[in-house]
Student: 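This is the structure, below, for whatever I ask next.
Whatever order the structure lists ligands and atoms in, that order sets their numbers, starting from 1.
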Amino acid sequence: MLRLAIQKSGRLSEDSLQLIRECGISFLSSSYKLKTEATNFPLEILFLRDDDIPGYVQDGVADLGIVGQNVLEEADGAHLQVEALGFSKCRLSLAVPRGDAYESVATLQGKSIATSYPHLLGRYLAAHGVQAQLHTISGSVEIAPSIGLAEAICDIVSSGSTLLGNGLREVETVFRSEAVLIAQPHLSAEQKDLLDQLQFRMQAVRRAKRNKYIILNAPETALDEVRRLLPGIKSPTVTPLAEAGWVSVQSVVQEDDFWHITSQLKAVGAEGILVLPIEKMIA
Ligand SMILES: Nc1ncnc2c1ncn2[C@@H]1O[C@H](COP(=O)(O)OP(=O)(O)OP(=O)(O)O)[C@@H](O)[C@H]1O
Ligand SMILES: O=P(O)(O)OC[C@H]1O[C@H](OP(=O)(O)OP(=O)(O)O)[C@H](O)[C@@H]1O
Ligand SMILES: [Mg+2]
């Protein structure tokens with residue numbers, strides 16, 4: 001049995017639950033129940049505050065956890081990371097009131113800074129030879145300058161809307177983060193085997209999300225060009241159409257390259273291009 005700790009409610013919760021479900025693991029969940037057992041995989045899921053997850057995993061109370069690298073690093077738990085999961089991408093940044101002069105991090109010398117990440121920020125400031133007064137608060141950090149609590153802040157930024165809405169300007173990136181899977185250091189051989197199975201499934205799900213299945217019709221004369229554009233996993237599947245001189249091509253294309261490749265496919269005469277999502281992809 002493996003015990004996996006995920007965030008109870010917050011920015012990581014939905015994507016964590018979705019990833020577990022996409023791995024084919026079923027379980028019942030209700031917002032009142034803080035522990036549930038999967039029905040088709042030896043997994044127990046604990047719903048916790050995200051700040052507590054690195055400690056629980058370090059101590060072996062939970063075997064696995066899903067947490068942001070920002071929280072993990074703040075808790076000195078980077079060694080627990082087994083895999084980056086690609087969601088909840090954000091950055092920990094320094095910001096100052098929009099009208100304030102700012103040249104470099106040296107501008108913060110002797111200033112007061114509000115943050116929920118005193119360890120990460122302290123390390124960053126020390127590396128830049130800056131001494132500042134840190135005020136540790138656990139949330140709504142962006143309010144601090146406007147109520148006279150601090151002259152600058154250091155908090156999580158994603159779209160930048162919270163900074164904008166509070167009259168602040170992002171000036172330095174202290175740390176880049178995404179959600180990660182972490183594991184306790186003393187898993188048994190059986191638990192390691194289960195973790196391998198879980199990671200295998202997670203990787204298949206993530207790979208599938210990065211790729212699309214593509215089907216198109218092309219004149220036979222364009223086949224070499226189409227094959228060059230759509231090499232697929234091994235090579236594309238090519239079948240003749242009922243109409244002479246035409247073929248149907250099926251392949252896999254990376255989401256990031258899709259629009260660029262599609263315009264090139266059209267340029268060489270491809271028609272009727274269909275694109276389908278892939279559910280799982282095993283290399
Ligand atoms: N705006 C954002 N966009 C993307 N990811 C974010 C954003 N804000 C936070 N995160 C990531 O999600 C994690 C959880 O954020 P959230 O705001 O839900 O934490 P919290 O309020 O501390 O939750 P908890 O109540 O569990 O302590 C953060 O540690 C960070 O890794
Ligand atoms: O750059 P943005 O897209 O505006 O996101 C940044 C905000 O998101 C997070 O807070 P959240 O909304 O999760 O609320 P919380 O303070 O309750 O954690 C973070 O603490 C920032 O305040
Ligand atoms: Mg928290």
Side-chain angles (χ1 to χ4, degrees), residues 3-20 29-36 45-59 61-62 64-98 113-124 134-147 149-150 152-182 202 206 209:
R3 266 188 170 177
L4 168 68
I6 64 171
Q7 190 187 26
K8 178 179 174 284
S9 83
R11 296 271 188 171
L12 297 163
S13 309
E14 209 178 297
D15 286 335
S16 302
L17 286 171
Q18 192 185 336
L19 177 61
I20 300 166
S29 72
S30 98
S31 51
Y32 303 108
K33 221 167 169 295
L34 299 178
K35 195 172 76 162
T36 189
I45 303 168
L46 313 182
F47 298 90
L48 305 173
R49 288 284 304 272
D50 70 339
D51 312 65
D52 296 333
I53 294 176
Y56 277 51
V57 172
Q58 175 63 54
D59 297 343
V61 175
L64 307 177
I66 295 178
V67 71
Q69 282 167 320
N70 51 320
V71 165
L72 187 64
E73 191 73 36
E74 182 67 20
D76 259 333
H79 59 285
L80 302 173
Q81 179 174 331
V82 291
E83 180 156 352
L85 299 174
F87 61 84
S88 290
K89 288 192 175 169
C90 57
R91 54 197 185 273
L92 181 67
S93 291
L94 278 157
V96 298
R98 209 171 303 136
I113 311 175
T115 189
S116 308
Y117 298 89
H119 182 142
L120 272 170
L121 177 59
R123 201 173 70 184
Y124 178 87
L134 305 193
H135 286 283
T136 304
I137 50 177
S138 60
S140 300
V141 174
E142 293 90 345
I143 203 177
S146 69
I147 57 171
L149 179 73
I153 65 124
C154 179
D155 197 25
I156 297 297
V157 182
S158 172
S159 65
S161 319
T162 309
L163 292 184
L164 194 68
N166 289 282
L168 299 170
R169 175 163 66 102
E170 186 174 3
V171 289
E172 308 285 347
T173 304
V174 172
F175 188 78
R176 288 190 184 277
S177 178
E178 65 182 277
V180 288
L181 178 69
I182 60 175
M202 286 181 175
R206 291 198 56 214
K209 280 195 206 295

Student: Nearest protein heavy-atom contact for atom 31 (O) of ligand 1: which residue, which atom, what distance?
Tutor: N70 OD1, 2.7 Å
Student: Of all heavy-atom pairs between F87 and L19, which one has the smallest distance, and what is that distance?
Tutor: CE2-CD2, 4.2 Å
Student: Under a 4.5 Å cut-off applied to non-hydrogen side-chain atoms, are L164 and R98 in contact?
Tutor: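 Sidechains of R98 and L164: in contact.
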Student: Do me a favour and list the nearest non-hydrogen protein atom to atom 11 (C) of ligand 1 with residue, atom name and distance?
Tutor: C90 SG, 3.9 Å
Student: Provide, to 0.1 Å, the distance between atom 4 (C) of ligand 1 and the closest protein heavy atom, together with that atom's residue and name.
Tutor: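 Here the closest protein heavy atom is K89 O, 3.5 Å.
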Student: Does atom 18 (O) of ligand 2 have any protein heavy atom closer than 4.0 Å?
Tutor: no
Student: Kindly indicate whether the side chain of R3, heavy atoms from C-beta on, has any atom under 4.5 Å from the side chain of Y56.
Tutor: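 Counting from C-beta outward, R3 and Y56 never come under 4.5 Å.
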Student: Tell me: protein heavy atom nearest atom 25 (O) of ligand 1, and distance?
Tutor: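 Result: R49 NE, 2.8 Å.
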Student: So, of the N/O/S atoms that D51 has, which is the nearest one to the Mg ion (ligand 3)?
Tutor: OD1
Student: Distance check, rounded to the nearest 0.5 Å: Q7 atom CD versus L48 atom CG?
Tutor: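 Between atom CD of Q7 and atom CG of L48 there are 10.0 Å.
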Student: Return the closest protein heavy atom for atom 4 (O) of ligand 2 as residue, atom name and distance.
Tutor: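 Looking at atom 4 (O) of ligand 2, the protein heavy atom closest to it is T162 OG1, 2.5 Å.
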Student: For atom 17 (O) of ligand 1, grab the closest protein heavy atom and report residue, atom and distance to one decimal in Å.
Tutor: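 It is R11 CG, 3.6 Å.
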Student: What's the shortest distance from atom 13 (O) of ligand 2 to any protein heavy atom, and which residue and atom give it?
Tutor: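 Atom 13 (O) of ligand 2 sits closest to the protein heavy atom R11 NE, 2.9 Å.
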Student: May I ask you to test the E178-Q69 pair for a side-chain heavy-atom distance under 4.5 Å?
Tutor: yes
Student: With a 3.5 Å cut-off and no angle check, do the side chains of T162 and E142 form a donor-acceptor pair?
Tutor: no
Student: What's the shortest heavy-atom distance between S161 and S159, and which atoms?
Tutor: OG-OG, 2.7 Å
Student: Atom 20 (O) of ligand 2: which protein heavy atom is closest, and how many Å away?
Tutor: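 Here the closest protein heavy atom is D155 OD2, 3.2 Å.
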Student: How close do A62 and A5 get, counting heavy atoms only, and between which atoms?
Tutor: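 Minimum heavy-atom separation between A62 and A5: CB-CB, 4.0 Å.
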Student: Please check whether I156 reaches ligand 2 - meaning an N/O of the residue sits under 3.5 Å from an N/O of the ligand, judged on distance alone.
Tutor: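 I156 vs ligand 2: no N/O contact under 3.5 Å.
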Student: In the protein, what heavy atom is nearest to atom 16 (O) of ligand 2, and what distance, to one decimal place, separates them?
Tutor: S140 N, 4.3 Å
Student: With a 6.0 Å cut-off (strictly less than), is the heavy-atom count around CZ of R176, excluding the residue itself, greater than 12?
Tutor: no
Student: For ligand 1, which atoms, with element, lie under 4.0 Å from some heavy atom of G10?
Tutor: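 Contacts of ligand 1 toward G10, numbered from 1: 18 (O).
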Student: Considering only heavy atoms, does Q7 approach ligand 1 within less than 4.0 Å through its side chain, its backbone, both, or neither?
Tutor: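 It is the side chain that gets close, since no backbone atom is under 4.0 Å.
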Student: Give a yes/no on ligand 1: does Q69 have at least one heavy atom closer than 4.0 angstrom to it?
Tutor: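 In this structure, Q69 fails to qualify as a contact of ligand 1 - no heavy atom is under 4.0 Å.
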Student: Going by heavy atoms in the side chains, are L163 and I153 under 4.5 Å from each other?
Tutor: yes
Student: Between S158 and K89, which heavy-atom pair has the shortest distance, and what is it?
Tutor: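 Looks like OG-O, 4.1 Å.
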Student: Under 4.0 Å from a heavy atom of S88: give me the atoms of ligand 1 that qualify, with their elements.
Tutor: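 Answer for ligand 1: 5 (N).
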Student: Would you say atom 21 (O) of ligand 1 makes contact with the protein, given that contact here means a non-hydrogen protein atom less than 4.0 Å away?
Tutor: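 There is no protein heavy atom less than 4.0 Å from atom 21 (O) of ligand 1.
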Student: Considering the heavy atoms of G68, write down every atom of ligand 1 situated less than 4.0 Å from one of them.
Tutor: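 By the 4.0 Å cutoff, the relevant atoms are 31 (O).
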Student: Checking contacts here: is it the side chain or the backbone of D50 that comes within 4.0 Å of ligand 1, counting heavy atoms only? Could be both or neither.
Tutor: both
Student: Checking a contact table here: which protein heavy atom is nearest atom 22 (O) of ligand 2, and how many Å away?
Tutor: E142 OE2, 2.6 Å
Student: Which of the numbered atoms in ligand 2 are under 4.0 angstrom from any heavy atom belonging to S161?
Tutor: 1 (O), 4 (O)
Student: Nearest to atom 8 (N) of ligand 1, what protein heavy atom do you find, and at what distance?
Tutor: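 Of the protein heavy atoms, I156 CG2, 3.4 Å lies nearest.
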Student: Could you tell me the separation between the CD1 atom of I45 and the NZ atom of K35, rounded to the nearest 0.5 Å?
Tutor: 12.5 Å
Student: Using a strict 4.0 Å cut-off to heavy atoms of V71, name the atoms of ligand 1 that fall inside it.
Tutor: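 Per the distance check, 29 (O).
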Student: If the cut-off is 4.0 Å to any non-hydrogen atom of G160, which atoms of ligand 2 fall inside it?
Tutor: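 Contacts of ligand 2 toward G160, numbered from 1: 1 (O), 2 (P), 3 (O).
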Student: Near V157, which atoms of ligand 2 are under 4.0 Å from a heavy atom of that residue?
Tutor: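 Near V157, the atoms of ligand 2 are 1 (O).
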Student: Less than 4.5 Å apart, any side-chain heavy atom of Y117 and any of V174?
Tutor: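 No, their side chains stay 4.5 Å or more apart.
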Student: Got the closest protein heavy atom to atom 3 (N) of ligand 1, with its distance?
Tutor: S158 CB, 3.2 Å
Student: Could you report the tightest heavy-atom contact between I53 and V67, atom names first, then the distance?
Tutor: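 In this case the closest contact between I53 and V67 is CG2-CB, 4.2 Å.
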Student: Compare every heavy atom of L94 with every heavy atom of L121, then report the nearest pair and how far apart it is.
Tutor: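 Looking at all heavy atoms of both residues, the closest pair is CD1-CD2, 3.9 Å.
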Student: In D50, what N, O or S atom is nearest to the Mg ion (ligand 3), if we give its atom name?
Tutor: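 For D50, the N, O or S atom at the smallest distance from the Mg ion (ligand 3) is OD1.
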Student: Decide yes or no for P54 and V71: does some side-chain heavy atom of the first lie under 4.5 Å from some side-chain heavy atom of the second?
Tutor: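 Contact flag for P54/V71 side chains = yes.
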Student: For atom 2 (P) of ligand 2, what's the nearest protein heavy-atom neighbour? Residue, atom name and distance, please.
Tutor: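 Result for atom 2 (P) of ligand 2: S159 OG, 3.4 Å.
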